[in-house]
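Here the structure is laid out as structure tokens; the discussion comes afterwards.
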Amino acid sequence: MATDSNKFQAIISHCKEYGFIFPSSEIYDGLQAVYDYGQMGSELKKNIKDYWWNSMTQFHDNIVGIDAAIFMHPTTWKASGHVDNFNDPMIDNKDSKKRYRVDHLIEGFAEDVRNAGDAAKADAVLASMDALLAKDDFAGLKQLIDDNKMKCAVSGTCNWTDVRQFNLMFSTEFGSVSGEGEDNKVYLRPETAQGIFVNFLNVQKTGRMKIPFGIAQIGKAFRNEIVARQFIFRMREFEQMEMQFFIRPGTQKEWYEYWKAERLKWHLSLGLPADKYRFHDHIKLAHYADAACDIEFEFPIGFKEVEGIHSRTDFDLKNHQEFSKKKQQYFDTEINQNYIPYVIETSIGLDRMFLLIMSNAYTEEDLSTPEKPDSRVVLKFPAKLAPIKMAVFPLTKKDGLPEIARGIMDDCKKSFRCFYEEKDAIGKRYRRMDAIGTPFCITVDHQTKEDNTVTVRHRDSMLQERIPIDAIKGMVLGAIA
RNA sequence: GCGGAAGUAGCUCACCUGGUAGAGCGACAGCUUCCCAAGCUGUAGGUAGCGGGUUCGAGUCCCGUCUUCCGCUCCA
């Protein structure tokens with residue numbers, strides 16, 4: 001465990017040192033749980049996105065993509081349940097560390113008082129609470145709790161923190177004039193799913209989609225996490241890759257199982273180790289789900305959720321129909337019936353997938369020989385995800401070798417990301433490429449001038465082979481396909 | 001949010017009981033070697049996270065604050 005914790009630290013340092021991830025606005029001390037992707041990180045992230053997007057939209061005839069706005073009509077979040085469920089004032093007991101919703105605590109107290117026979121007092125307390133809640137008077141609520149000596153059920157003490165509002169959703173003012181009250185308030189979306197649901201009919205009709213079909217989306221979401229930590233694992237601003245699959249009611253069990261299997265296959269198709277994956281089935285289900293599981297991966301910090309597969313029933317579309325007064329139904333010509341489709345959701349955290357790829361790739365190798373100690377840090381990315389696919393090195397800076405190397409570079413860089421370097425000893429250049437996970441290094445030497453062959457040095461095995469210049473592009477393209 | 005630990009150069013760290021900041025690696029320029037890092041020469045880079053206090057003097061002691069990691073808690 002200690003070594004794993006060290007490994008996590010090492011990965012964080014490595015991400016910083018080689019331009020994968022920086023703390024946001026670091027020169028101002030950073031911003032809690034917000035990170036920037038650097039020159040290498042943004043490439044890796046983009047490659048992960050592309051791989052997911054293509055596997056969804058290109059390889060499935062019945063899945064299409066959209067890109068919805070981050071701002072959505074405020075009613076969206078009422079329909080989804082986010083406003084009601086996640087905007088409550090909370091209070092913590094300092095002894096038991098238990099956190100309560102203030103209204104639950106006070107209602108519980110009132111209930112006890114009523115049971116003890118003092119109905120008048122119970123009503124008075126509840127009336128005060130409602131008045132204070134309506135005014136968002138947190139100090140008053142605290143006073144009410146103190147005055148009535150309300151106790152924590154666990155610790156039995158009255159040692160409370162202040163009343164605080166935990167807003168899961170970030171809000172901002174819409175329009176250029178601020179301060180016009182609640183009417184102007186919009187939220188930054190706390191999940192991307194709703195952008196798909198509100199566009200369900202648009203896509204279904206304009207795309208002439210037939211159930212079952214899916215809508216995929218990659219985009220940012222924002223959650224004001226109370227505790228956000230563990231590097232990029234839990235961030236306040238993060239990116240999701242989601243697919244909502246619309247199905248006939250009653251078929252959700254089979255489609256749920258189908259997507260469970262399908263999504264795990266996707267992970268394994270990247271050559272990731274199956275023994276580091278596991279499913280975690282939810283026992284306690286969210287308000288919208290009738291079945292749910294997580295795909296967990298064994299990070300250096302333990303098994304953690306990377307992706308969720310949820311059977312969301314018709315909860316979202318039904319609520320949007322109710323709130324918008326617009327029918328969210330589909331006419332199924334096979335059975336001649338109108339219905340609100342059921343939904344299976346697959347939702348993977350892009351940043352978590354990034355961390356997964358990074359943790360799995362990060363390897364420290366001891367290359368010592370009896371003659372001298374030696375080691376390297378190598379990122380064993382799947383070739384198709386590597387930020388840079390190929391590096392080209394002239395063995396020396398002279399004798400026309402750089403010109404040949406530049407030629408190879410120019411020929412290949414239209415097809416994939418290449419890197420050119422002529423500084424330092426060849427071994428050092430190899431090691432630098434190891435550190436950013438470049439799968440292939442091409443070295444041009446004097447023999448190249450005679451027979452047009454070069455050395456290919458493979459990242460993981462460190463083995464070398466000679467191939468004709470003509471074969472380079474095909475080899476790399478084959479590996480990243 | 002509670003508790004613990006930490007913040008000094010890009011990275012890893014040193015500076016013992018307060019006396020004006022140092023190493024290794026890395027980077028950059030050049031030389032040398034030329035198929036797996038650490039050869040030679042030179043260079044750059046830190047108001048010690050930030051703010052305040054104690055002191056003749058603070059990286060070092062005290063307080064606050066920000067950030068990070070660990071444990072607990074939370075995570076629709």
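Throughout, protein chains are lettered first and strands after them, A, B, ... in sequence-line order, and every chain is numbered starting at 1.
For the P atoms, the distance linking B:G26 with B:U41 amounts to 15 Å, nearest Å. Using atom C1' as the reference point in both B:G24 and B:A37, the two lie 14 Å apart (nearest Å). Taking atom C1' in both B:G39 and B:C15, one finds a spacing of 30 Å when rounded to whole Å. Comparing the P positions of B:U8 and B:G3 gives a spacing of 24 Å, expressed to the nearest Å. When the C1' atom is compared between B:C62 and B:U73, the two are found 31 Å apart, to the nearest whole Å. Taking atom C1' on both nucleotides, B:A27 is separated from B:G46 by 15 Å, rounded to a whole Å. Taking the P atom of each, B:A21 and B:G49 are spaced 15 Å apart, rounded to whole Å.
Remark: A:R457 fails to qualify as a cation-pi partner of A:F440 under the 6.0 Å distance and 45° angle criteria applied to the six-membered ring. Annotation: cation-pi pair A:K260/A:F279 present, NZ/CZ under 6.0 Å from the ring centroid and within 45° of its normal. A:W259 does not carry A:R263 over the face of its six-membered ring by the limits of under 6.0 Å from the centre and within 45° of the normal.
Judged as a side-chain contact (heavy atoms from CB on, under 4.5 Å), and not counting sequence neighbours, the contacts of A:P190 are A:W77, A:H82, A:L168, A:M169, A:R223. Under the ring pair (Phe, Tyr, Trp, His ring centres under 6.0 Å) criterion, A:H282 pairs with A:H280, A:H310, not counting sequence neighbours. For A:E237, the salt bridge (Lys or Arg N to Asp or Glu O under 4.0 Å) partners two or more places apart in sequence, or in a different chain, are A:K220. The side-chain contact (heavy atoms from CB on, under 4.5 Å) test applied to A:F22 returns A:K16, A:Q39, not counting sequence neighbours.
Note on ring orientation: taking the six-membered ring where Trp is involved, the planes of A:F246 and A:F200 are tilted (angle from 30° to 60°).
Using a 4.0 Å heavy-atom criterion, one finds that A:F393 contacts no nucleic acid atom at all. If you check every strand for non-hydrogen atoms under 4.0 Å, A:R429 touches nothing. Base engagement by A:D445 is indicated by at least one non-hydrogen atom pair under 4.0 Å involving a base atom. Within 4.0 Å (heavy atoms only), A:A193 reaches no atom of the nucleic acid at all.
Listed by residue number, A:T455, A:R457, A:M462, A:Q464 are the residues of residues 446-471 of chain A with a heavy-atom contact under 4.0 Å to RNA chain B. RNA chain B is contacted by A:L395, A:T396 of residues 395-410 of chain A, taking any non-hydrogen atom closer than 4.0 Å.
A:Y187 and A:T172 are not linked by any side-chain donor-acceptor pair at a separation below 3.5 angstrom, with hydrogens and angles left out of the test. No side-chain N or O of A:R312 forms a donor-acceptor pair with one of A:Q252 less than 3.5 Å apart. Remark: the A:S347 side chain and the A:E242 side chain contain an N/O donor-acceptor pair separated by less than 3.5 Å. A:T192 and A:Q240 form a side-chain donor-acceptor contact under 3.5 Å, judged by distance and modelled atom types alone. Between the side chains of A:N47 and A:E43, no donor-acceptor pair of N or O atoms lies under 3.5 Å.
Pairs engaging residues 348-372 of chain A under the ring pair (Phe, Tyr, Trp, His ring centres under 6.0 Å) rule: A:H14-A:Y362, A:Y37-A:F354 [sequence neighbours left out]. Residue pairs meeting the side chain to side chain donor-acceptor pair (under 3.5 Å) criterion with at least one partner in residues 395-409 of chain A, sequence neighbours excluded, are A:D399-A:H446.
A:D374 has its CG atom 14 Å from the C1' atom of B:C25, to the nearest Å.
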Sequence-aligned protein contact record of nucleotides 4-14 of chain B, with B where the base is within under 4.0 Å of a protein heavy atom and S where only the sugar-phosphate is: ------BSS--
Output a table of donor-acceptor pairs, distance under 3.5 Å, between side-chain atoms of residues 376-383 of chain A and any protein atom two or more places apart or on a different chain; print 'none' if there are none.
unit_1 : atom_1 : unit_2 : atom_2 : d
A:R376 : NE     : A:E365 : OE1    : 2.8
A:R376 : NH1    : A:D434 : OD1    : 3.3
A:R376 : NH1    : A:D434 : OD2    : 2.9
A:R376 : NH1    : A:R459 : O      : 2.9
A:R376 : NH2    : A:E365 : OE1    : 2.9
A:R376 : NH2    : A:R459 : O      : 3.1
A:R376 : NH2    : A:D460 : O      : 3.1
A:K380 : NZ     : A:E365 : OE2    : 2.8

List, with names and distances, any nitrogen or oxygen atoms from the protein found under 3.5 Å away from nitrogen or oxygen atoms belonging to nucleotides 58-60 of chain B.
none

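In terms of polar N and O atoms assigned as donor or acceptor, the side chain of A:Y28 never comes within less than 3.5 Å of the base of B:C66 in a complementary pairing.
Remark: RNA chain B forms stems of 3 or more consecutive Watson-Crick or G-U wobble pairs, all pair distances under 3.5 Å, at B:1-7 with B:66-72, B:10-13 with B:22-25, B:27-31 with B:39-43, B:49-53 with B:61-65.
One finds no side-chain N or O of A:R432 lying less than 4.0 angstrom from the OP1 or OP2 phosphate oxygen of B:G26. Put simply, A:Q32 has a side-chain N or O that comes within less than 4.0 Å of OP1 or OP2 on B:U68.
The environment of A:K46 atom NZ is sparse: at most 12 non-hydrogen atoms of other residues, nucleotides or ligands sit within 6.0 angstrom.
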